[in-house]
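To keep things clear, I will list the structure first and then write my remarks on it.
Note on naming: letters A, B, ... go to the chains in the order of the sequence lines (proteins, then strands), and numbering restarts at 1 for each one.
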Amino acid sequence: MTTKYAETEQRQAAVKHVGRPVDRVDGRAKTTGEARYAAEHRHPGMAHAALVHATVARGRIESLDTEAARAVPGVIEVLTHENAPPMKPAPKRSLLNLSSLASGTTVSYLGTDEVHWNGQPVAVVVAETPEAARHAATLVRVTYRELPAVVDFAAEEPNAVQQKGSMIQPAGGDKGDAAVALAAAPVSVDLRFTTPPHHHNAIEPHATVAVWDGDHLTVHESTQHIAWLRRHLALRFGIPERAIRVLSPYVGGGFGGKYAVWAGTLLAVLAARATARPVRLALTREAVHRTVGARTPTVQRVALGADAGGDLTALIHTSVAMTSRIGGMPEGVVSPSRHLYDAATIHLRQRLVRLDLLANTSMRAPGDSVGSFALESAMDELACELGMDPVELRMRNEPARNPMDGKPFSHRMLREAYEVGAERFGWRERDPGAGSMRDGRWLVGMGVATAYHPSMVMPAAVTVRMDAGGEVVVRCALQEIGVGAATVQAQIAADELGVPLEAVRVEIGDSELPEGPGAGGSAQTASGAEGVLAACRKLKESALALARRSPDSPLRGRRLDDLEARDGGLHHGGDGETYAAILARAGRDHLEAGGRTGMLKFLARALNDRRRWVKAACGAHFCEVRVDQDTGEVRVSRWLGVFDIGRVINAKTAAAQLRGGIVMGIGMALSEASQVDPRTGRIMNPSLAEYHVPVHADVPPIDVQWLDVPDPTMPLGLLGIGEVGITGVAAAVANAVRHATGKRVADLPITLDKLL
Amino acid sequence: MRVNGAVESLDVQPWVSLLDALRDRLGVTGPKKGCDQGACGACTVLADGVRINACLALAVQYDGREITTVEGLASGEELHPLQAAFIRHDGLQCGYCTPGQLCSAVAMLAEHRAGMPSAVTERSGELTEAEIRERMSGNLCRCGAYNGIVDAIRDVAAQEAR
Ligand code: FES
Ligand code: FES
């Protein structure tokens with residue numbers, strides 16, 4: 001399945017488990033029903049909570065009538081701002097304390113009579129059974145004094161303000177005068193794109209089981225960031241972090257929706273404190289939509305100018321996105337335009353509107369997924385204008401260095417990805433004329449688009465313990481959201497120590513373990529790998545130090561760098577010793593090593609790294625669609641993605657991540673949209689029946705390939721794969737639809753009404 | 001009610017769903033709750049061998065019936081061929097839709113064997129990839145493990161045919 005495009009000699013020599021398609025270590029637990037997710041933990045005396053949501057976008061609560069709710073048999077308590085215990089305010093955002101980014105919103109839930117969005121929880125019912133809680137919640141009567149609210153994103157566009165940049169994320173930039181160059185360009189396109197809000201819709205709705213034992217708190221949670229959650233809870237409830245244990249061994253999907261801390265989690269903990277009972281709050285699908293932020297909608301302009309030969313003379317990409325008055329994440333919408341094309345002039349701007357809506361949040365490839373839709377659609381349109389093949393146009397404008405600032409790429413093999421992809425997909429068979437390819441009643445179209453996602457590493461503390469029997473335990477509070485977190489780190493540790501894969505057990509998902517990175521930014525695997533590599537090295541150093549103490553050891557006088565870890569020990573050519581022998585001679589029953597990077601050191605290193613390199617995963621999507629000539633129905637019939645993602649640790653789980661991104665991108669292209677009522681700010685389709693994610697029938701076999709060349713600057717050379725897959729997908733579909741029908745759809749999703 | 005072969009007697013109010021009865025009352029948490037309204041298939045279980053959405057069923061309707069959940073598919077330590085195939089073909093990521101996919105797949109293969117057609121059934125009645133995708137479309141997977149799921153089902157169907 002994998003294209004072995006090139007392999008370094010070193011890799012062939014050292015690797016035993018890394019790169020192999022190893023089965024997931026938790027496959028059995030997940031296929032037998034043994035794996036327990038957050039809502040499935042029971043505690044003696046556990047009560048159940050349900051939320052009551054505000055029905056106005058902005059205002060103050062005038063009256064609350066909880067009598068009927070309280071009268072429901074089994075109801076224990078109805079918490080409102082009138083009787084709930086106080087919570088401390090959300091922390092101020094700071095880059096020096098990244099966990100301050102964990103607040104989904106800044107609202108003091110049940111600490112105020114103010115309503116900030118349509119859907120804000122205004123009461124929590126706690127009852128003996130989930131049914132009683134749910135029923136009673138429908139009986140709480142609330143009246144509001146409504147205040148004027150700004151909820152219509154489209155109408156607010158003229159009021160957008162410049163987004164501020166940060167050290168980590170610039171919000172705009174200029175190279176030369178793009179407006180002048182565009183006006184002078186012999187060939188140009190100027191397009192306006194819109195993308196709607198998208199919701200993560202992990203199949204597991206957010207759930208919390210909160211148990212107080214005096215001032216000690218245990219939380220079973222579905223989270224992408226155990227460490228942030230724990231720190232956030234400590235702040236909000238005024239208890240030390242060490243008094244909190246967060247357990248999250250299995251997370252039923254996240255995609256960004258479980259990265260921050262949202263109302264449900266805080267209110268479960270609050271309700272448990274108020275009622276002195278363990279409380280479970282499992283959000284309904286509707287409550288997930290009402291209380292967990294979504295991807296911002298965007299309006300974008302991309303204008304491109306080129307000379308007759310297709311060299312870009314001007315690239316203009318501007319965007320408007322949202323944040324909320326109660327928080328939200330400003331997205332880097334135009335980010336792909338910083339990196340993809342070697343245009344002579346570039347103009348980039350991002351603007352924001354602030355709305356009285358639930359705060360937006362990261363969703364798979366924030367910025368890049370929507371930004372790539374606009375940029376890569378415009379490139380296709382330019383290719384049509386030029387009468388040039390869209391792959392060729394991209395290759396003509398492939399930069400040698402980062403276009404905005406001339407920084408070197410740590411690694412970039414996009415050209416190779418297109419070459420491999422064009423060959424494998426049969427791109428040459430494409431007849432460039434719009435509507436020229438047919439299969440019976442179906443208009444067939446083929447489109448390409450580039451995938452691009454920045455790579456990064458976060459700090460991770462890892463310990464590795466090896467006992468005399470050879471068993472290795474790697475410990476780190478990673479989150480398993482479906483990426484194979486434990487599986488890949490086991491492969492890495494097994495190779496690094498030279499022990500069998502079966503000997504390694506990886507413990508994750510518990511705040512008692514050394515602090516891990518979050519499962520986000522496509523950074524968990526690389527960050528964990530860095531920690532595992534460092535800990536394994538230290539462990540080998542201790543083993544070697546023990547061995548060298550003995551005159552009988554064949555390792556005496558050796559340095560670690562001269563040794564090879566294999567066959568359960570350290571070796572130099574034919575000489576060597578097993579760890580078991582070293583431990584036995586030293587009379588030790590185990591070895592343990594580990595370490596962590598402090599935040600300041602981490603930031604200093606990260607900034608230095610940023611100054612030197614631009615690093616990213618990239619790839620080429622090839623898509624074939626069929627469009628019904630009469631109804632405009634679009635079916636994706638073939639897909640190939642060829643990726644430059646550095647080294648791949650596990651061929652199975654890597655393929656799964658890339659495919660998963662493509663599937664979500666197909667949803668984004670063809671069906672997904674959260675609909676916000678422009679009058680009331682209420683989400684109108686908060687369900688899986690009305691928010692359409694791709695189903696089996698929508699997804700053809702997806703061919704994914706990778707070049708498998710390690711990046712020299714990343715741990716083990718891996719670039720991160722969770723998000724790159726979705727970038728460019730919607731554009732590839734739109735471009736294929738353009739080829740099939742001659743119609744450029746610039747407003748997502750591409751529903752059939754737009755093709756009639 | 002028999003759940004995975006064991007007799008369970010349960011006193012529940014008439015409005016309790018089969019899904020909540022299994023998960024909250026009996027602690028049988030294999031069946032998952034993804035939407036509680038029949039839209040995702042995560043709660044799929046077998047009632048006398050037929051697949052149903054347990055969130056749309058009331059527990060009292062299933063008085064005396066045989067319910068099989070994902071926990072009941074393996075025989076002892078030995079995985080059901082579909083479970084093993086899901087692992088082999090990586091037909092799962094987060095695992096939350098997996099119990100529903102598995103129960104659905106078991107029943108779907110039985111439906112196909114019994115000659116029940118689907119919207120895309122061709123005359124040959126062959127279990128094509130399109131057939132599997134059509135018949136499994138009530139089971140959402142947000143992680144997008146669809147390809148692996150279909151491969152796993154095809155693999156098992158081919159084994160059975162042999
Ligand atoms: S939980 Fe039953 S179909 Fe979604
Ligand atoms: S494996 Fe996560 S939803 Fe299917």
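The parts of A:Glu204 that come within reach of chain B are both its backbone and its side chain, each placing non-hydrogen atoms under 4.5 angstrom from that chain. A:Val695 touches chain B through backbone and side chain together, each having a heavy atom under 4.5 Å away. Within the 4.5 angstrom heavy-atom criterion, atoms from both the backbone and the side chain of A:Ala689 approach chain B. For a residue to count as touching a neighbouring chain, one of its non-hydrogen atoms must lie under 4.5 Å from one of that chain's; by this rule B:Asp24 touches chain A with backbone and side chain alike. Residue A:Glu286: no heavy atom, backbone or side chain, is found under 4.5 Å from chain B. Interface residue B:Ala42: only side-chain heavy atoms are found under 4.5 Å from chain A. Only the backbone of A:His200 comes within contact range of chain B, with at least one heavy atom under 4.5 Å from a heavy atom of that chain. Residue A:Ile702 touches chain B through both its backbone and its side chain, counting heavy-atom pairs closer than 4.5 Å. A:Pro701 touches chain B through backbone and side chain together, each having a heavy atom under 4.5 Å away. Heavy-atom distances place both the backbone and the side chain of A:Arg28 under 4.5 Å from chain B. Residue contact with chain B, scored on non-hydrogen atoms closer than 4.5 Å, involves the backbone of A:Ala202 exclusively. Both the backbone and the side chain of B:Val16 come within less than 4.5 Å of a heavy atom in chain A. Heavy atoms closer than 4.5 Å to chain A are found nowhere in B:Leu73, neither backbone nor side chain. Contacts between A:Val699 and chain B at a heavy-atom distance below 4.5 Å involve backbone atoms as well as side-chain atoms. For A:Thr32, the parts lying under 4.5 angstrom from a heavy atom of chain B are both the backbone and the side chain. Using a 4.5 Å cut-off between heavy atoms, B:Glu77 contacts chain A through both its backbone and its side chain.
Counting only distance, with no hydrogens or angles, the side chain of A:Arg285 and the backbone of B:Gly34 share a donor-acceptor pair below 3.5 Å. Checked by atom type and distance alone, the side chain of B:Gln83 pairs as donor or acceptor with a backbone atom of A:Thr31 at under 3.5 Å.
Nearest heavy-atom pair, A:Glu131 versus B:Asp20, reported as atom, atom and distance to 0.1 Å: OE2-OD2, 3.4 Å. Residues B:Arg142 and A:Asn201 share a closest heavy-atom pair of CG-O, 3.2 Å. Annotation for A:Gly253 and B:Cys94: closest pair N-CB, 3.3 Å, computed over non-hydrogen atoms. When every heavy atom of B:Arg133 is checked against every heavy atom of A:Ala697, the shortest pair comes out as NH2-O, 3.0 Å.
No other option in B:Ser137, B:Ala84, B:Gly91, B:Gly95 has as many heavy-atom pairs under 4.5 Å with chain A as B:Ser137. Chain A forms the most heavy-atom pairs under 4.5 Å with one residue out of B:Asp151, B:Ile149, B:Val150, B:Ile132, and that residue is B:Ile149. For the set B:Arg135, B:His89, B:Arg23, the entry with the most heavy-atom pairs within less than 4.5 Å of chain A is B:Arg23. In terms of heavy-atom pairs under 4.5 angstrom with chain B, the leader among A:Arg36, A:Glu34, A:Arg42, A:Glu480 is A:Arg42. Highest contact tally toward chain A, considering only B:Pro31, B:Gly100, B:Gly27, B:Gly148, is held by B:Gly27 [criterion: heavy-atom pairs under 4.5 Å]. With respect to chain B, the highest number of heavy-atom pairs below 4.5 Å among A:Thr653, A:Ile481, A:Val693, A:Thr284 belongs to A:Val693. Contact tally against chain A (heavy-atom pairs below 4.5 Å) for B:Gly30, B:Ala145, B:Cys143, B:Pro99: the top residue is B:Cys143.
For the pair A:Glu40/B:Lys32, a side-chain contact is recorded, criterion being any heavy-atom separation below 4.5 Å from C-beta on. Using a 4.5 Å heavy-atom cutoff, the side chains of A:Lys30 and B:Leu102 are not in contact.
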Is there a side-chain contact (heavy atoms from CB on, under 4.5 Å) between A:Arg24 and B:Ile87 once you walk through the steps?
-> CA-CA 7 Å; A:Arg24 290 166 192 270; B:Ile87 298 174; 5.8 Å; no
Stepwise side-chain hydrogen bond (donor to acceptor under 3.5 Å, both in side chains) check, B:Glu129 with A:His696 | CA-CA 10 Å; B:Glu129 181 213 307; A:His696 272 285; over 6 Å; no
Assess whether side-chain contact (heavy atoms from CB on, under 4.5 Å) is satisfied between A:His41 and B:Thr29, documenting all intermediate values.
-> CA-CA 9 Å; A:His41 294 272; B:Thr29 55; over 6 Å; no
Determine, stepwise, if the pair A:Leu688 / B:Cys35 fulfils side-chain contact (heavy atoms from CB on, under 4.5 Å).
-> CA-CA 7 Å; A:Leu688 288 170; B:Cys35 68; 4.1 Å; yes
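One finds the CG atom of A:Leu283 at 12.5 Å from the CG atom of B:Asp36 (value rounded to the nearest 0.5 Å). Put simply, CD1 on A:Ile666 and OH on B:Tyr146 are 10.5 Å apart, with the number rounded to the nearest 0.5 Å. Here the CD1 atom belonging to A:Ile203 is positioned 9.0 Å from the CD atom belonging to B:Gln101, to the nearest 0.5 angstrom.
Between A:Tyr37 and B:Tyr96, the ring planes lie perpendicular to each other; the angle is over 60°, past the 30° to 60° tilted range.
Heavy-atom contacts from other residues, nucleotides or ligands closer than 6.0 Å to CD of B:Gln159 number more than 12.
Residues B:Asn147 and A:Arg659 have side chains that bring a donor and an acceptor to within less than 3.5 angstrom of each other.
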